[in-house]
Amino acid sequence: MTALHDAPLTVAGREFRSRLLVGTGKYKDFDEAGAAISESGADVVTFAVRRTNLGQESGTNLLDVVSPDRYTLLPNTAGCYNARDAVRTCRLARELLDGHNLVKLEVLGDDDTLYPNVIETLKAAQTLIDDGFDVMVYTSDDPIVAHELEAMGCAAIMPLGSLIGSGHGIQNPHNLRLIVERSSVPVLVDAGIGTASDAAMAMELGCDGVLLNSAIAHARDPVRMARAMQQAVQAGRDAFLAGRMPRRQSADPSTPFAGRING
Amino acid sequence: MTQHAIQLNGEPKSLAPDTSALELIEQLGLGGRRIAVEINEEIVPRSRLADTRLAHDDKVEIVHAIGGG
């Protein structure tokens, strides 16, 4: 049997084997983070940029556990509520990573919902693209906004499945499908994935990838959930490529009727 | 010799005049760490830290990578 082929996930000319991207937040400690991320098989790993804790530096740095030699590090502007802060954060991240220019843009609207502020997101995206960044953009599941972001030159569109950290899965699969059908850049579900079936559903809808953090970090056994997510993304991708059977109103026997002994 | 007052990561700090950004980083025990520096909202590339002198009222940010989603 020949091996089943799938194209790699390609974002701004960079090729990734895994279609699962994971975050590094909310883990109990660095050891747990390192083990879960490794088990997830992810090539792309997000991180945040924050002020150093002056006078209370610990010996270990996140980048010692999640090495830029092994992973593609994706800085995330989480915690920014306006375009200006998001752009500053991306520029600091680029300096931190020696010129690496692939970023995850996320501009939030308020503390309760962490819903994306798409107005500030659009502004920041334009500034970053003009400044030479490749922008993977977190946004709402609005197909018109998604199209605007693509037209502007974003490298990937990353609509939410549901609120960040909620684990409510994919609340509007119809919108996601619309976004997927109309996009010529990769579409990744970012936020809301709660368990493996949510990740599989995103891929079955035709999404190019899934980005998640809490679903692994807050599972009872993060390392095992990391493996579940890897398998779910792969299963959902294969199911999408294979093409599901048509739904039927009535039953259709799997076993032939001909030759029955009571015939 | 009067000290310079700067804002470092949002907190006031006084420095000897003519301190470079690199000297500040070393005084803070951050030498050799993977960090990025911004002065008055402009990035200071690593290659420029040694010859960038901090001035009175400068707003300095020193950041690093932490876990995030």
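So you know, we letter chains A, B, ... as the sequences are listed, proteins then strands, and number each from 1.
In A:H100, the NE2 atom is crowded: over 12 heavy atoms of neighbouring residues, nucleotides or ligands sit closer than 6.0 Å. Remark: A:R224 CZ is loosely packed, at most 12 non-hydrogen atoms of other residues, nucleotides or ligands lying under 6.0 Å away. Atom CZ of B:R48 sits in a sparse spot, with 12 or fewer heavy atoms from other residues, nucleotides or ligands closer than 6.0 Å.
Note: B:I66 leads B:L8, B:I35, B:I66 in heavy-atom pairs under 4.5 Å with chain A. If you tally non-hydrogen atom pairs under 4.5 Å between each of A:D190, A:L74, A:D98, A:L21 and chain B, the highest count goes to A:D98. The choice from B:V44, B:I62, B:V37 that makes the most heavy-atom pairs within less than 4.5 Å of chain A is B:I62.
Of all heavy-atom pairs spanning A:A48 and B:G67, the tightest one is CB-O, 4.0 Å.
With respect to the salt-bridge test (charged N to carboxylate O, under 4.0 angstrom), the residues A:D64 and B:R33 do not qualify.
Note that CG of A:L62 is 9.0 Å distant from NE2 of B:H64, once rounded to the nearest 0.5 Å.
Only the side chain of B:I43 comes within less than 4.5 Å of a heavy atom of chain A; its backbone N, CA, C and O stay farther away. Only the side chain of A:R84 comes within less than 4.5 Å of a heavy atom of chain B; its backbone N, CA, C and O stay farther away. The contact between A:K104 and chain B is made entirely by side chain atoms (from C-beta outward), counting heavy-atom distances below 4.5 Å. A:L63 touches chain B through its side chain: at least one heavy atom from C-beta onward sits under 4.5 Å away, while N, CA, C and O do not.
Residues B:R34 and A:L97 have side chains in contact (heavy-atom distance under 4.5 Å, counting atoms from C-beta outward).
Screening B:L28, B:V63, B:N9 for a side chain to side chain contact (heavy atoms under 4.5 Å, CB included) with A:T52, the sole residue that qualifies is B:N9.
Without hydrogens or angle criteria, A:R51 side chain to B:E61 main chain gives no donor-acceptor distance under 3.5 Å.
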